[in-house]
**Q** 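Before anything else, here's the structure in question.
Note that ligands are numbered from 1 as they come in the structure, with each ligand's atoms numbered from 1 the same way. Scope of the values below: all heavy atoms of this structure, side chains included, with no hydrogens, waters or symmetry mates.
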Amino acid sequence: MDHSLGSFDCVVLNGTVVTAADIGQYDIGIRDGKIAMLAPRSSLANATADRVIDAQGAFVTPGGVDAHVHLAEPELFGKGRPADDYTSGTKSAVAGGTTTIVAFAPQEKKDASIIPAVEDAARKALNAAYCDYSFHVIVSNPTRQALDEFPLLRERGISSVKIYMTYEALQLRDNQILDVLLQARSTGVTTMIHAENGDMLNWMTEQLESKLLLAPKYHATSRPQLLESEATNRAITLGQLVGAPILIVHVSSPTAAETIRKAQTNGLPVYAETCPQYLFLTRKELEKPGFEGAKCLCAPPPRDGEEDLEGIWRGLQNGTFTILSSDHCPFIYDDAETGKKSAITAEAPLGRFRYVPNGCPGVETRLSLVMSANRLAPSRFVELTSTNPAKLYGLYPQKGALLPGVSDADLTIWYPSSGLAPFAITNDALHHNVDYTPFEGHRVNQWPRYTLVRGKVVWDRDNGGVVGEKGYGRFTRRDRSFFCQEELPPWDVEQW
Ligand code: DUC
Ligand code: ZN
């Protein structure tokens with residue numbers, strides 16, 4: 001043993017360490033839940049350590065940060081409620097290599113305050129999670145009181161809100177969006193925006209219903225790309241009016257992505273997220289016989305074909321997208337009370353698409369699908385799935401990095417490229433609380449072998465599966481966005 005190095009709780013030897021900035025052959029020493037040392041390969045081979053993980057030939061990356069996860073929420077997106085709570089959802093997360101999630105704390109429209117939403121989410125998550133977590137507050141009623149509470153959010157370690165341009169329970173008008181953006185700007189809060197034009201899609205839905213076109217596939221007809229591009233353009237314009245940074249969530253449309261790219265080129269602080277459903281699924285999934293299409297019914301919907309998928313991959317490769325999240329929003333398929341089948345009635349045996357709860361599970365499959373596609377350079381993969389979400393939402397460099405003495409020892413250790421035969425994803429191997437995955441049968445050749453949260457192995461694929469404990473996951477305080485470190489000067493209407 002080499003005692004001159006001090007002792008470690010765990011060492012990870014012989015891996016190829018990939019961060020957003022770098023790839024190299026390093027050993028990693030972990031102490032008290034933190035990255036304590038990164039040293040040239042083999043230099044920790046004789047160090048004193050309680051646990052040694054040999055990562056020979058494998059990638060070792062900062063743990064995944066999934067900044068878009070719906071857990072334990074009420075009915076918001078059609079009928080039905082997400083079936084995962086903080087326990088099953090985070091169990092699924094660690095089994096897929098994710099070590100931090102940011103879930104949602106939805107304000108009820110009847111509430112003037114946003115604080116009950118935060119307290120409710122905190123109560124649900126306390127002692128329940130397998131990985132670390134935080135919350136974005138969904139603002140559905142931006143009263144003066146709610147806006148005045150943004151500084152309180154910051155005090156409580158929450159630095160982002162989400163708003164919607166659609167959904168009856170959530171949709172804000174443009175003047176309300178401006179109120180939120182202005183207050184977010186002056187309090188160091190990042191605003192996430194769901195950009196679909198709710199009035200247009202309600203009108204389209206009425207048109208389809210009047211022709212009795214009710215089946216799941218008409219969900220996509222009701223929400224063409226035009227609606228997403230219009231709302232994206234409007235969201236960018238509203239942000240520009242008050243000079244507020246915005247993040248457009250779950251972009252599915254290549255046209256919307258191009259609009260975002262143009263805004264970025266013009267220097268606007270516009271960030272964008274996409275998700276695996278817009279890289280791997282198309283509208284064909286919604287056209288499956290019977291009610292089956294409801295499994296892949298989410299909003300925005302999977303788009304028309306390969307060209308659309310390519311457009312989104314291009315945005316990942318060329319830097320338009322800042323982050324890649326799951327939008328995990330799990331509804332049980334075969335459940336007529338709170339699941340997808342709640343949209344089926346005697347009069348509509350194939351369901352009414354307007355009532356099908358919008359969303360798909362994906363927190364566990366996000367990293368494997370994208371890593372296995374092998375279309376992103378390893379450092380870009382880490383940037384999109386870990387480092388950038390940590391930076392964007394004020395978790396960096398505690399999360400999303402491997403800085404000795406600074407970063408939490410959150411790691412995903414992959415199989416050596418020779419170590420895992422390609423296999424098909426099947427729902428029975430997953431850990432969420434739903435009865436299907438939209439990615440059933442998709443072939444992958446990478447899956448996390450180990451997941452470590454603050455130095456503790458919580459997922460050991462070959463030896464016990466999920467070996468972490470419920471309640472180990474902690475609320476993680478967040479600061480203002482790393483992409484917007486400076487306080488912005490006060491906005492003045494007269495500047496226009
Ligand atoms: N879209 C989904 O598919 N699910 C959750 C919410 C959303 O906007
Ligand atoms: Zn959304």
**Q** Are side-chain N/O atoms of N358 and Y167 paired as donor and acceptor at under 3.5 Å?
**A**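 Yes - a donor-acceptor pair under 3.5 Å links their side chains.
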**Q** Going from CZ on R303 to OG1 on T282, what distance comes out if it is rounded to the nearest 0.5 angstrom?
**A** 12.0 Å
**Q** Which heavy atom of I101 sits nearest to which heavy atom of T90, and what is that distance?
**A** CD1-CG2, 4.0 Å
**Q** Measure the distance from atom 4 (N) of ligand 1 to every protein heavy atom, then report the residue, atom name and distance (to 0.1 Å) of the closest one.
**A** N358 O, 2.8 Å
**Q** Check ligand 1 against C329 and write out every atom of the ligand that is under 4.0 Å from a heavy-atom position of the residue.
**A**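 Near C329, the atoms of ligand 1 are 4 (N), 5 (C).
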**Q** What orientation do Y133 and F135 show, parallel under 30°, tilted 30 to 60°, or perpendicular over 60°?
**A** tilted
**Q** For atom 7 (C) of ligand 1, what is the nearest protein heavy atom, given as residue, atom name and distance?
**A** Y167 OH, 3.5 Å
**Q** Within the structure, does Y164 bring an N/O atom to less than 3.5 angstrom of an N/O atom in ligand 1?
**A**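 By distance alone, the answer is no.
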**Q** State whether the side chain of Q183 and the backbone N or O of L147 hold a donor-acceptor pair below 3.5 Å, judged by distance alone.
**A** yes
**Q** Tell me whether the guanidinium CZ or amine NZ of K295 lies under 6.0 angstrom from the six-membered ring centre of Y333 and within 45° of its axis.
**A**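 Ring-cation test returns yes.
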**Q** Do any heavy atoms of E196 fall under 4.0 Å from ligand 1?
**A** no
**Q** Relative to the heavy atoms of H70, which atoms of ligand 1 are at a distance of less than 4.0 Å?
**A**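 Contacts of ligand 1 toward H70, numbered from 1: 5 (C), 6 (C).
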**Q** Measure V249 to ligand 1 on non-hydrogen atoms and call it side chain, backbone, both or neither using the 4.0 Å cut-off.
**A**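 None of V249 does.
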**Q** Just by modelled atom types, is the A256 backbone N or O under 3.5 Å from a matching donor or acceptor in the Q225 side chain?
**A** no
**Q** Keeping the roles fixed (side chain from T451, backbone from W459), state whether a donor-acceptor pair exists under 3.5 Å.
**A** no
**Q** Side chains of T205 and R354 only: does a donor on one sit below 3.5 Å from an acceptor on the other?
**A** no
**Q** Look only at interatomic distance and state if H194 has a nitrogen or oxygen under 3.5 Å from any nitrogen or oxygen of ligand 1.
**A**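 Yes - when backbone and side-chain N and O of H194 are compared with those of ligand 1, one distance drops under 3.5 Å.
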**Q** List every atom of ligand 1 that sits less than 4.0 Å from any heavy atom of G359, numbering the atoms from 1 in the order shown and giving each element.
**A** 2 (C), 3 (O), 4 (N)
**Q** Any pair with a residue in residues 247-259 that passes salt bridge (charged side-chain N to carboxylate O under 4.0 Å, His left out), sequence neighbours left out, goes on the list, sorted by first then second residue, please.
**A**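 For residues 247-259, and leaving out neighbouring residues, there are no salt bridge (charged side-chain N to carboxylate O under 4.0 Å, His left out) pairs at all.
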**Q** Can you name the atoms of ligand 1, numbered from 1 with element, that are less than 4.0 Å from a heavy atom of H250?
**A**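 Every atom of ligand 1 under 4.0 Å from some heavy atom of H250: 8 (O).
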**Q** Which salt bridge (charged side-chain N to carboxylate O under 4.0 Å, His left out) pairs, counting each pair once, include a residue from residues 126-137, with sequence neighbours left out?
**A** D132-K399, D132-R454
**Q** Check which protein N, O or S atoms are less than 2.8 Å from the Zn ion (ligand 2) and report how many there are.
**A** 2
**Q** Can you tell me which residue pairs pass the salt bridge (charged side-chain N to carboxylate O under 4.0 Å, His left out) test with a partner in residues 151-168, sequence neighbours excluded?
**A** E119-R156, R154-D479
**Q** Under 3.5 Å between some N or O of ligand 1 and some N or O of C298?
**A** no
**Q** Got the closest protein heavy atom to atom 1 (N) of ligand 1, with its distance?
**A**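 For atom 1 (N) of ligand 1, the nearest protein heavy atom comes out as A299 O, 2.8 Å.
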